[in-house]
Every structure is written in C-alpha cells, then in structure tokens.
S.K.: 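Sending over a structure as structure tokens; questions will come in a sec.
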Amino acid sequence: MTLKRVVLSILTGLVALVVVSSLYESFSQPQVTGQLQLYQSDLLLQATEWDELESAEFKQLSNALLGAKPLETVTKQYQSVRKEAVAGVERSQKQLATQNNTLDPQLAKYEVAIRQQQQLIDEIDLKVGIIATQQQNISAARQRWQSLSEGDSSVADMASVLLGLWQTPPSITPMAETTITNQLNGWFQYRVLEQLYTLDDRSVDLTQLRSQEQTAAESKLVKLAAVGTMPVLGCIVGIGLLIFLAVQWGIRRRDSLLAKPLSPWDVPWDGEIIWQVLIVGFFFVGQLLIPFLLQLSGLSFATAGSRGRALYSMIFYLLMSASGIAVLAGSIWTYRPLPTDWFQIKVLGRWPLWGVGGYVVALPLMIAISALNQQIWRGQGGNNPLLQTVLQESDGIALLLFFLTAAVAAPLFEEVLFRGFLLPSLTRYMPVWGAILLSSFIFASAHLSLSEVLPLTMLGTILAWVYSRSRNLLAPMLIHSLWNSATLIGLFLLGGQ
C-alpha cells in the first residue's frame, strides 16, 4: 500500500468517526419542524383578529386560510408538538440512564436536549392555557399555570402573573406588564395585556392596544397567505407536471423523458481520486480542519452576536468551498483535457426550464417524503442549526448574509462537488441510476443530521436526475438555489413576528 493510501485510510477512519458521532448525536436533538408549526400557528392566531375578516367579501378567505375554528386548530397543533417533545424527553432520559461513565461528554448533550425539550413543553402549556381562556375554559388554564408556577421553569413568573389575572378577585403585581411584554409576543401578548388593561380600567391603553393589533393582524394575514398558499400553488403545478410525465411515459414508453436511457460519463480517473476528493477536500478539510482553525483564530459561532454568527457562517462556507474546489482541481489536474461533458455550464440553453420544472416537481415529492420522515422521527433527529438561528434572527444585515450563504454559495459549491464530480465519477463503477442514488445518499449524509437524510436523499435524487438529463450544472444549481431561497424566505416570514 502506498503512503498516499495509508494517509487516506487514516483520514477516512477519522472522518468516519466524526460523521457517525455527529449523526448519533443528532438522534436525541429536536427538529426545528415543531417550532415552525408553532410559529405558523401563532401567525394564524394573530391573523384571526383582523376585523375585516368578518365582512362578507373576506369571509371565504378567512375560512380558507384560518379554518372555521382556528382556536381549536391551533390547540391541536400545540398538543401535537408537545407530545413529540415529551417523547423526546423520554428518549433522552433513557439514553442518559444507560450511560455508566459520568465523564462521558455525551451526558452533557443529553442533559441539554432534555432541558430544551422541557422548556418547550412549559412554553406550550403556558400558551395553551391562554388559548383556553379565550374558549372560556378558565379552570383548565389555571390548572396548567398552577403546576408551572410551582416549579423552577423559565416561565414560572409568567404563570404566576396569569394566575393572578384570571382569578376571582384578580391580583395584579407591580411587575405584571413588564413580565408580559418581556415573555410573551404576538397574539398571546395582546390577549394577556387586554385582560390586564380591562381589569385595571385603562381604557386609553386598551384602545391603543386594539389599534396596534389590527395593524399587526393585517400584516400577519399577508404573511400567512404567502407561507400557506405559495407552496400549495407550487405543489399543484408540480403534481400536474408529474402527471404529464406519467402520461407521456404511458404513451411513448422508451421515448418518454422518464424512460429514455441515461448516458454514463467518460470517467478518466479511478476510485482513489473520488476517495481523495470526498475525504480530503470535503469532509476532512471542510468538517474538521477549517472549524479547528477558526476556533484557534478566536472566531466562535456560539458566542458571536447576530451579524457575527452570519459572518462566521459565510466565512466558514467560503473557506470550505475554496478548499474543496482546490482539492478537486488538484486531484484531476493531470487528467486534462477532460472529456467534453464534464462540469458543463452553458448559459444559453433550456436550463431555466429544467431548473424551474425540477423545483416544482420537487415540492410535492418533498412534502410527501417529509410527512413520512416526520412519522419516523417524531420531532427528533436534529436539523441544520442554521435553521433555528435564522428563525429567531431579526437583523436585516445578518439575514442577508445567511441568504447569500444558503442561496448562492451553497448551491454553487455543492452542485459542482456532488453533481458535477461525484455523480459522473460513480458511473465508472455502476449504472447511472445507481450513481444517482448513491451520490444523493452521500450528499444527504454530509449534512450530519439523521432526520434530514431521507428528505435530502430525495432532493439530491431530483438534482442528480435533472443534471443527468440536462448535462448543464446551471439547472441543478437553480433548483438548489430556489429550494434554499424558499426555505429561508419562509423562515424570515415565520420568524419575523
């Protein structure tokens, strides 16, 4: 065995240890999906307060977007997320109980996961109680708040304030309004402040509050329409395109777009080059070396502010992209000139049709696979940590940097590596469909989150199939950019409440 292969073997073992460890760690981490459902539910509640929805011309819109009984709908969504969080706490507690070594660093991660999930459960109980008061179920609300106020949770003070406002006679503490404005937002804040101002006979503040709520409700209705209707419209178009492809296959068979054979690439290098680019260029340098060097430099994502986290993410991704492309270019440099169908970027052509078509087809397929994935993981399995960061971000500059990283830098680098290099290289050893599936699985696993493996494998398959047909990297780059852009815009709209 040559020295190069010895080094590659050592690096592969190190990378495998890190990847497996990261995937295992993500098992006990909550998904951001539940948080997204709750943010959307909060939007729904705020939109229901718009007075214009009671008029005849908006009644149909109201029922379509909000449902006939929005309070019941939101309560069910909160209870569903709570059930998943409780199951997550139980799983983490079982895993914690099996750890015999008290010095094991995994213990701290399980404890953090338990605390995060328990905090989510407490916040849900607090808010479900507020919803119950609007359904005139005061006793159920007080029962939830009583247990919270007696514990040591982060919402104990808020629960005590709520108990005072909805008891007979009411009890209003001096810090009640400050606690409400600091710990609640949106519809929940309006409802509790309304109760406070009514009990305190503050008619001027109550009038101003209702005026503010009307302005906010109209804005939230627009956001809700964007978040709820745009994906639905895209799904309808995507389903129509899938039906067209199926009908074409039924009529034309071998000449149809689905059945037409996929041509393999002419691959001038062997598996060692594939191994070298993936292990050294992507995993070792990108996932291990660059984070280590950034840590030595004093840069830290966890301790940075809003713009600092966004800038750190961009710097990290640009360094990873530059180093990955450098290793790729160096690895295949001696094989120049490359065959004509490698790394093709043709500005003139039908790549926009392939890109937009691939994106709308991906929508219904990804929704279906995500629903299945949710049933498998039940709110666990982790997520890209940037999703939660972006969801809670409000700084415009930071959001722009996150957007440029996810919607521009990521599609450019990842499509060159996974579709431009890995997919064609694998066709030396397997049929094109096998290369599509394997490269998509590697692409999904590289995101180091168990809950994302299945949906990202589906997305990667669509990206790879489109590239195999179009032979133009601009097509999967466009799909990837549209997907990440839509995801981030949805997070911006949901988070900016």
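Just so it is clear, the values below take in all heavy atoms, side chains as well, and ignore hydrogens, waters and symmetry mates. This one's a predicted model, so the numbers in the text were calculated from it and none came from an experiment.
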S.K.: So how far is it from L338 CG to I332 CD1, rounded to the nearest 0.5 Å?
M.R.: 5.0 Å
S.K.: Taking the side chain as every heavy atom from C-beta outward, state whether L412 and S321 have any pair of such atoms under 4.5 Å apart.
M.R.: no
S.K.: Is the backbone N or O of L423 less than 3.5 Å from a side-chain atom of S439, with the two atoms forming a donor-acceptor pair by type?
M.R.: no
S.K.: Any chance you could measure I345, atom CD1, to L473, atom CG, to the nearest 0.5 Å?
M.R.: 5.5 Å
S.K.: Could you tell me whether the side chain of T427 and the main chain of P264 form a donor-acceptor pair under 3.5 Å?
M.R.: no
S.K.: Do any N or O atoms from the side chain of N373 and from the backbone of P455 form a donor-acceptor pair under 3.5 angstrom?
M.R.: no
S.K.: With a 4.0 Å cut-off on N to O distance, would you call R82 and D125 a salt bridge?
M.R.: yes
S.K.: With side chains defined as the heavy atoms from C-beta onward, is the minimum distance between R419 and F443 less than 4.5 Å?
M.R.: yes
S.K.: Could you tell me the separation between the CZ atom of F421 and the CG atom of L278, rounded to the nearest 0.5 Å?
M.R.: 6.5 Å
S.K.: I need the L318 CG to I290 CD1 distance, nearest 0.5 Å.
M.R.: 10.0 Å
S.K.: Looking at P424 and V267, what are the two nearest heavy atoms and their distance?
M.R.: O-CG2, 3.2 Å
S.K.: Measure the shortest side-chain to side-chain distance between L437 and F441 over non-hydrogen atoms and say whether it is less than 4.5 angstrom.
M.R.: no
S.K.: Does N484 reach the main-chain N or O of A406 with its side chain, forming a donor-acceptor pair under 3.5 Å?
M.R.: yes
S.K.: Go through L422 and L417 one step at a time and tell me if the side-chain contact (heavy atoms from CB on, under 4.5 Å) criterion holds.
M.R.: CA-CA 6 Å; L422 180 59; L417 180 67; 5.8 Å; no
S.K.: Hey, does the side chain of Q189 reach the backbone of L184 with a donor-acceptor pair shorter than 3.5 angstrom?
M.R.: yes
S.K.: What pair of heavy atoms forms the shortest contact from P476 to L463, and how long is it?
M.R.: O-CD2, 3.4 Å
S.K.: So do V19 and S445 actually touch side chain to side chain, heavy atoms under 4.5 Å?
M.R.: no
S.K.: So, the side chain of W342 versus the backbone of D266: is there a donor-acceptor pair under 3.5 Å, distance only?
M.R.: yes
S.K.: Would you say L363 and I239 make side-chain contact, with heavy atoms under 4.5 Å?
M.R.: no
S.K.: Between CE of M458 and OG of S370, what distance do you get to the nearest 0.5 Å?
M.R.: 9.5 Å
S.K.: With a 3.5 Å cut-off and no angle check, do the side chains of Q344 and Y467 form a donor-acceptor pair?
M.R.: no
S.K.: Would you tell me whether E415 and H480 have side-chain atoms, one donor and one acceptor, within less than 3.5 Å of each other?
M.R.: yes
S.K.: For the residue pair Q276 and E272, confirm or rule out a side-chain donor-acceptor distance under 3.5 Å.
M.R.: no
S.K.: Taking all atoms of both residues into account, what is the closest heavy-atom pair of P268 and Y335, and its distance?
M.R.: O-CE2, 3.3 Å
S.K.: Determine, stepwise, if the pair M158 / L126 fulfils side-chain contact (heavy atoms from CB on, under 4.5 Å).
M.R.: CA-CA 8 Å; M158 188 67 249; L126 190 84; 3.6 Å; yes
S.K.: Using a 4.5 Å cut-off on heavy atoms from C-beta on, say whether the side chain of M430 contacts that of L438.
M.R.: yes
S.K.: Check for a donor-acceptor pair, side chain of S80 on one end and backbone N or O of K76 on the other, with a separation under 3.5 Å.
M.R.: no
S.K.: Start with the C-alpha distance between W269 and W333, add both sets of side-chain angles, then the distance that settles ring pair (Phe, Tyr, Trp, His ring centres under 6.0 Å), and finish with yes or no.
M.R.: CA-CA 11 Å; W269 47 77; W333 190 258; over 10 Å; no
S.K.: May I ask you to test the M366-L459 pair for a side-chain heavy-atom distance under 4.5 Å?
M.R.: yes
S.K.: Using the six-membered ring wherever Trp is involved, compare the ring planes of F413 and F282 and label them parallel, tilted or perpendicular (cut-offs 30° and 60°).
M.R.: parallel
S.K.: Looking at every heavy atom in both T457 and A444, which two are closest together, and how far apart are they?
M.R.: OG1-CB, 3.3 Å
S.K.: side-chain contact (heavy atoms from CB on, under 4.5 Å) for V15 and Q287? Distances and angles first, verdict last.
M.R.: CA-CA 8 Å; V15 165; Q287 305 294 338; over 6 Å; no
S.K.: Donor-acceptor pair, W265 side chain versus S425 backbone, under 3.5 Å?
M.R.: no
S.K.: Could you walk me through whether T487 and W483 pass side-chain contact (heavy atoms from CB on, under 4.5 Å), step by step?
M.R.: CA-CA 6 Å; T487 300; W483 187 266; 3.9 Å; yes
S.K.: First locate atom CG of N472, then atom CE of M477, and finally report the distance between them rounded to the nearest 0.5 Å.
M.R.: 9.0 Å
S.K.: Looking at A486 and Y359, what are the two nearest heavy atoms and their distance?
M.R.: CB-OH, 3.3 Å
S.K.: With no hydrogens and no angle check, is any side-chain donor or acceptor of Y429 less than 3.5 Å from a backbone partner on G271?
M.R.: yes
S.K.: What I'd like to find out is whether the side chain of L328 reaches to under 4.5 Å of the side chain of V416, using heavy atoms alone.
M.R.: yes
S.K.: Considering non-hydrogen atoms only, spot the tightest contact between L288 and V18 and give its length.
M.R.: CD2-CG2, 3.5 Å
